[in-house]
Amino acid sequence: MFDTHCHLNFSRFKKNVEEVITSAMENGVSQIVIPGTDIDTSVKAIEIAQAHEGLYAAVGVHPHHVYELKTASDLSIKNFMSELEKIISNPKVVAVGEVGMDRHVYQSTKYEKYSIDESFINQQKELLGEQIKLAVQYNKSLILHNREAKVDILPIVEENWDKKLDGRVVFHCCEPDEELLNFAKEHKMYIGVDGDITYYPEKQKFIRKVPLEMLVLETDAPFLLPEPLRTQKLFPNKPENIPMIAQYISEIKNVSLEELASKTTLNARNLFQIS
């Protein structure tokens, strides 16, 4: 199976990343994409991917970390893009991501006085547009993050769309929203589904409507631990839990686990242009 979104580059896995990767492989998860969320984690994603067959990296600046522009007077969007251009040509980099739009007010964040205002949203929009162009320029796939910002992200993606992106974009951990699904269908995009499918009724209803041809599996590890591990508080989430998520989806969609695993793995390889 294929975990299309797993943050092995985060500090939570700093001490045991090799053990986590080995366990994933032993549980049938043979391919993993590690998305960056800022420059440092993008570099780290490449380092981990280079050391392992079947692991790949995505590089990008998450909308949450656009807030750095407010806290660092010597930083600009141009700086972000310059740093990304230095690393994007690495052969292990298969995508630009995770990038997008985010209006959620995080209660736990490294940024003091974190708040959402229109100047911050406009900076997110500008950086997203530039990162989409980067994906097109370097022929990379695109991993989109959207949280409570549908009205912002869809026009930016539409405005910067290129035919090169057909079949090469995923709505990571897609919100259960018909408009997002219709947009994805119109643009030949994929829908990422995570462990929250096991406890989120609206997501369960939504995934029933998503064609199997559009689905890819994600853990978003170390986040979104699936049930029953979530109730048991067996944190963090790990890529070895992909089969558990797959089993749950197969039951929801009334297909065999084998068919679900085979199709979502093929979808993921097509998404990231991996043979």
Side-chain angles (χ1 to χ4, degrees), residues 2-9 30-63 66 77-101 124-146 153-172 174 183-192 213-218 264-275:
F2 199 134
D3 186 349
T4 61
H5 199 107
C6 177
H7 294 290
L8 295 173
N9 48 345
S30 58
Q31 293 179 298
I32 299 171
V33 167
I34 310 166
T37 53
D38 56 19
I39 302 304
D40 288 344
T41 56
S42 294
V43 170
K44 185 64 177 176
I46 295 172
E47 290 175 356
I48 297 171
Q50 284 179 319
H52 299 88
E53 184 178 355
L55 269 61
Y56 305 90
V59 299
V61 178
H62 187 289
V66 177
I77 287 176
K78 186 176 180 180
N79 295 142
F80 281 142
M81 298 309 299
S82 176
E83 292 302 310
L84 289 174
E85 281 211 75
K86 292 177 183 177
I87 58 177
I88 195 171
S89 294
N90 187 290
K92 276 287 189 171
V93 175
V94 295
V96 171
E98 127 188 35
V99 303
M101 296 295 304
Q124 288 188 33
K125 289 179 179 179
E126 183 179 352
L127 184 58
L128 173 57
E130 292 300 314
Q131 291 185 106
I132 294 173
K133 291 173 186 174
L134 190 70
V136 172
Q137 179 183 349
Y138 286 90
N139 194 32
K140 303 293 182 180
S141 302
L142 186 65
I143 300 170
L144 289 177
H145 168 102
N146 166 57
I153 194 169
L154 296 186
I156 298 297
V157 174
E158 186 70 71
E159 179 183 339
N160 291 281
W161 192 262
D162 188 283
K163 290 295 289 182
K164 287 183 180 180
L165 295 173
D166 284 0
R168 300 193 64 184
V169 183
V170 58
F171 273 133
H172 154 59
C174 188
F183 187 91
K185 288 178 177 178
E186 291 167 5
H187 292 79
K188 301 177 183 177
M189 296 165 63
Y190 290 96
I191 300 293
E213 293 72 22
M214 293 179 67
L215 280 180
V216 293
L217 304 180
E218 312 176 338
T264 55
T265 297
L266 178 61
N267 292 346
R269 289 174 178 165
N270 289 335
L271 165 61
F272 294 117
Q273 301 285 287
I274 296 169
S275 59

Determine whether a donor-acceptor pair (N or O, by modelled atom type, separation under 3.5 Å) exists between the side chain of His7 and the backbone of Pro35.
yes
Who are the ring pair (Phe, Tyr, Trp, His ring centres under 6.0 Å) partners of His172, not counting sequence neighbours?
His5
Atom of Gln124, atom of Val66 and distance for their closest heavy-atom approach:
N-CG1, 4.0 Å
Suppose the criterion is salt bridge (Lys or Arg N to Asp or Glu O under 4.0 Å): which pairs have a residue in residues 30-50, not counting sequence neighbours?
Lys44-Glu47
Show the numbers, then the answer: is there a side chain to side chain contact (heavy atoms under 4.5 Å, CB included) between Ile191 and Val216?
CA-CA 6 Å; Ile191 300 293; Val216 293; over 6 Å; no
If you look at every heavy atom in Ile153 and Gly100, which pair is closest and at what distance?
CD1-CA, 4.2 Å
Restricting to non-hydrogen atoms, name the atom on Gln31 and the atom on Thr265 that form the minimum distance, rounded to 0.1 Å.
OE1-CG2, 4.5 Å
Is there a side chain to side chain contact (heavy atoms under 4.5 Å, CB included) between Val170 and Leu144 once you walk through the steps?
CA-CA 6 Å; Val170 58; Leu144 289 177; over 6 Å; no
Scanning both residues in full, the closest heavy-atom pair of Leu128 with Val99 reads CD1-CG2, 3.9 Å
Check: Val61 main-chain N/O paired with Thr37 side-chain donor or acceptor under 3.5 Å
no
Indicate whether the side chain of Asn139 and that of Arg168 have a donor and an acceptor atom separated by less than 3.5 Å.
yes
Check the angle between the aromatic planes of Tyr56 and Phe2 and answer parallel, tilted or perpendicular using the 30° and 60° thresholds.
parallel
Mind listing the closest non-hydrogen atom pair of Ala49 and Ala57 along with its distance?
CB-N, 4.0 Å
Pairwise distance CD1(Ile274) to CZ(Arg269) - rounded to 0.5 angstrom:
8.5 Å
Can you check side chain to side chain contact (heavy atoms under 4.5 Å, CB included) on Leu142 and Ile132, steps first, answer last?
CA-CA 7 Å; Leu142 186 65; Ile132 294 173; 3.9 Å; yes
Backbone N/O of Val93 and side chain of Lys140: donor-acceptor pair under 3.5 Å:
yes
Nearest 0.5 Å, what's the OH-OG distance between Tyr190 and Ser141?
9.5 Å
For the pair Asn267 and Phe272, evaluate side chain to side chain contact (heavy atoms under 4.5 Å, CB included) and give the outcome as yes or no after the intermediate values.
CA-CA 9 Å; Asn267 292 346; Phe272 294 117; over 6 Å; no
Any side-chain heavy atom of Val43 within less than 4.5 Å of one from Asn9?
no
Sequence neighbours left out, what pairs pass salt bridge (Lys or Arg N to Asp or Glu O under 4.0 Å) with at least one residue falling in residues 84-94?
Glu83-Lys86
Non-hydrogen atoms of Lys163 and Asp166 that approach each other most closely:
NZ-OD2, 2.8 Å
